[in-house]
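As the structure is a computational prediction, the values presented were derived from the model and not from experiment. Note on naming: letters A, B, ... go to the chains in the order of the sequence lines (proteins, then strands), and numbering restarts at 1 for each one.
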Amino acid sequence: MIIVLLLLSVVAFTIIQLPPGDYVTAYVAEMEGDRGERLAESDVIALRKAYGVDQPMYVQYFKWLWKLSHGDFGMSRQWQRPVIDLIMERLPLTVMISLFTLIFTYIIAIPVGIYSATHQYSIGDYVFTTGGFIGLATPNFLLALILMFLFYKYFGFSVGGLFSIQYMDAAWSMERFVDMLKHLPIPLIVIGTAGTAGLIRVMRGCLLDELRKQYVITARAKGVEERTLLFKYPVRVAINPIVSTIGWTLPSIVSGEIITAIVLSLPTTGPLLFQALLKQDMELAGSVIMFLSFLTVVGTFISDILLVLVDPRIRYEKLA
Amino acid sequence: MKLIKDKKREISKEEEFYLASQWQLMWRKFKKHKLAMLGGTILAIFYLVAIFSEFFSTEDIYIQHLEYIYAPSQKIHFFNEEEFHLRPFVYGLKKELDPETFRRTYTEDKTKRYPLYFFVHGDKYKLWNLFKTDIHFFGVKEGTLFLFGTDKLGRDLFSRNLYAARISLSIGLIGVALSFILGCIIGGISGYFGGAIDTVIQRVIEFLISIPTIPLWMALSAALPKKWSPIKVYFGITVILSVIGWCGLARVVRGKLLELREEDFVMAAKISGTSEARIITRHLLPSFLSYLIVSLTLTIPGMILGETALSFLGLGIRAPAVSWGVLLQNAQNVRTVALYPWLFIPGLFVIIVVLAFNFLGDGMRDAADPYK
């Protein structure tokens with residue numbers, strides 16, 4: 001975990017350093033451009049020294065890392081506020097939406113996968129498979145646009161945002177929460193569709209493999225009731241690969257959340273990152289990416305633990 | 001004599017399976033997968049049109065028809081009010097301006113009829129910057145032809161979509177080519193040598209896969225200098241897309257190599273003193289090339305979607321270059337789209353192409369192991 005964190009910090013630092021020029025050149029350009037001030041050469045050098053950008057890259061990196069470990073993520077140029085505050089305002093919503101989406105994905109994908117596998121080549125199976133394919137092929141932002149378009153056309157209102165106007169800046173309360181739940185379905189559908197489609201395919205495939213195995217036939221021959229038989233054995237086995245794919249599902253959900261949030265203008269980290277990138281506010285952008293990736297890694301780690309809980313065979317393998 | 005001949009034919013039919021090369025068997029199995037064939041055909045058409053986009057388009061994509069802003073698509077007719085015409089035609093557009101809302105509405109002007117012709121002379125262009133000509137696949141000799149309508153500057157969206165196809169479709173291919181090289185080299189090293197190198201590479205791949213791609217792509221492409229020419233940006237985006245793309249491939253290569261490393265023919269090659277690079281490229285790579293191709297086919301749609309998303313946000317390909325994502329930028333505002341739904345057409349193309357790639361990849365995956 002520590003190593004992963006360090007690697008992440010390297011990536012984030014690289015992103016911050018990517019745009020040509022450094023903090024001071026940007027600052028000087030701003031001073032000269034916007035306010036018409038001229039800075040003397042000696043002032044620029046003094047500034048460079050003060051911000052430490054004249055030092056070699058690795059020294060800068062370790063200084064930056066040192067600050068990070070004390071909770072100091074630097075200042076956002078665009079907002080003139082500490083980066084950590086900005087992120088902490090929006091991150092909980094991102095996490096919440098991602099979690100809801102994950103749950104949504106599983107609630108839909110597992111039953112549908114079971115249905116498709118037990119009713120292979122039925123009309124329902126074809127409908128779900130085709131729908132799944134289309135869901136996989138539609139980019140998130142396009143789906144968001146199409147849904148917004150349909151809602152706008154047939155119900156005459158815009159579905160962007162996560163809160164109604166009166167709750168936009170209000171403190172958390174029961175009403176605000178309910179209001180949010182009302183806005184939640186569209187982002188959930190948009191972000192969850194691709195993941196759901198993928199999971200349905202995995203679930204269907206795994207379950208089909210399981211159903212062909214000998215023990216199912218044996219159980220059936222012994223007169224185990226079909227429903228008990230299905231849920232007690234093959235479904236349990238088929239769920240394992242699904243749990244282990246959280247590691248891939250989570251990054252794609254976070255990715256989807258970012259882009260959907262931009263289109264639907266949700267108050268999460270997506271638009272924050274987008275604006276920061278457009279304004280080349282790299283301190284903010286790098287930190288956002290670092291936080292997002294870190295959460296994803298943590299999520300994957302938790303899913304590994306879950307897998308051990310769900311699938312006892314893994315523990316035995318390690319013991320042996 | 002005849003009997004022997006018949007016998008021979010029978011045998012050959014039976015043995016055909018064993019005599020056919022691996023590729024022949026794969027092709028036979030692939031042909032049975034109807035959806036994959038369909039996907040392949042669709043893709044072939046799309047790529048053909050994309051390669052010759054200047055020829056298939058009806059207009060120069062930068063010409064602005066200021067009198068036809070946000071014109072709807074003109075439908076191709078075979079019938080006018082009473083009779084059938086063998087030569088299809090479009091009606092002219094009549095514009096009316098709503099005096100209160102200033103909204104333009106276009107209606108078909110039944111009095112003006114513009115027949116369509118094949119191989120008409122139209123706007124001049126240079127095919128691939130080499131051949132100067134002005135022949136277009138089809139078009140009208142007079143009047144206007146907006147099959148997909150026009151955008152806010154009155155530019156023909158049909159032609160723009162075709163040009164966009166070239167960039168959107170090729171970016172996937174070039175990106176995959178890059179990922180292919182990276183994936184093969186890194187996965188090859190990892191799988192062939194094993195041990196500590198393998199562990200390090202695998203950890204790095206796991207780490208890269210765990211980073212959410214879109215934010216990373218966004219950050220990298222936002223860092224491309226603003227002054228870059230469209231071509232430089234294009235290659236920059238391709239490189240960015242393949243930063244993550246190679247990981248999956250490297251895993252496939254590694255897994256297969258680990259399997260094959262223990263085979264006898266590798267041992268034989270080693271004993272006869274073949275160099276390791278040669279063993280990898282001559283003996284190991286060909287034996288799992290089919291898996292590689294499948295993996296590649298399934299990587300392309302991700303790249304196309306990535307490019308579209310980035311360009312849609314304004315971080316990818318930039319105007320004046322056109323890609324489907326750039327065209328979709330026009331559709332960002334719901335109110336605009338509600339009035340001019342034809343702005344969604346590029347999105348439809350993206351979905352079709354990605355679907356086709358998925359079908360193709362599925363069929364190829366089934367065909368990849370013909371001995372099963």
Side-chain angles (χ1 to χ4, degrees), chain A residues 3-4 7-8 11-12 14-20 133-134 136-143 145-146 148-149 151-153 158-160 194 247-248 250-259 262-263 269-270 273-274 276-280 282 285-286 288-289 292-293 295-297 299-301, chain B residues 35 39 203-204 206-227 244 248 301-302 304-310 312-315 324-325 328 331-339 341 343-344 346-348 350-359 362:
Chain A
I3 296 175
V4 171
L7 277 174
L8 276 179
V11 172
T14 322
I15 288 169
I16 293 175
Q17 298 297 333
L18 265 182
F133 262 124
I134 295 174
L136 270 181
T138 316
N140 271 323
F141 69 92
L142 198 66
L143 189 62
L145 276 178
I146 292 172
M148 277 168 88
F149 166 68
F151 268 82
Y152 183 76
K153 190 151 188 197
S158 174
V159 288
W248 314 333
L250 216 56
S252 75
I253 283 183
V254 172
S255 283
E257 198 275 330
I258 296 292
I259 202 155
I262 297 169
V263 178
T269 40
L273 174 65
F274 182 52
L277 287 173
L278 287 186
K279 296 265 162 60
Q280 300 252 312
M282 294 320 268
V288 171
I289 290 179
L292 286 178
S293 321
L295 284 178
T296 322
V297 173
T300 316
F301 183 66
Chain B
L35 274 176
R203 287 296 95 76
V204 170
E206 271 164 29
F207 167 70
L208 281 176
I209 289 181
S210 71
I211 301 180
T213 44
I214 294 269
L216 187 66
W217 283 344
M218 279 168 68
L220 293 176
S221 50
L224 294 181
K226 293 264 182 296
K227 284 175 206 145
I244 302 291
I304 293 179
L305 288 180
E307 184 274 324
T308 315
L310 286 178
F312 172 75
L313 292 175
L315 294 171
W324 284 332
L328 278 172
Q332 248 166 2
N333 190 326
V334 181
R335 282 171 188 82
T336 329
V337 179
L339 292 175
L343 295 176
F344 261 149
L348 195 68
V350 173
I351 298 177
I352 293 175
V353 166
V354 173
L355 263 183
F357 265 116
N358 276 325
F359 287 149
D362 257 23

Check: Picking from B/Ala309, B/Pro301, B/Gly306, which has the most non-hydrogen pairs under 4.5 angstrom with chain A?
Finding: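 Sorted descending by pairs with chain A, the first entry is B/Ala309.
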Next item on the list: Quick one: which of B/Thr308, B/Val204, B/Leu313 has the most heavy-atom pairs under 4.5 Å with chain A, could you say?
Entry: B/Leu313
Notebook entry, point to check: Under 4.5 Å between any side-chain heavy atoms of A/Phe141 and B/Leu328, yes or no?
Noted result: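 Counting from C-beta outward, A/Phe141 and B/Leu328 do come under 4.5 Å.
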Item checked: B/Phe312 versus A/Val263, closest heavy-atom pair with distance -> CE2-CG2, 3.6 Å
Check: If every non-hydrogen atom of B/Ile351 is compared with every non-hydrogen atom of A/Leu142, which pair is closest and at what distance?
Finding: CD1-CD2, 3.8 Å
Note to self: Among A/Ile259, A/Thr269, A/Val288, which residue has the highest count of heavy-atom pairs closer than 4.5 Å to chain B?
What the structure shows: A/Ile259
Check: Non-hydrogen atoms of chain B under 4.5 Å away: do they reach the side chain of A/Leu145, the backbone, both or neither?
Finding: both
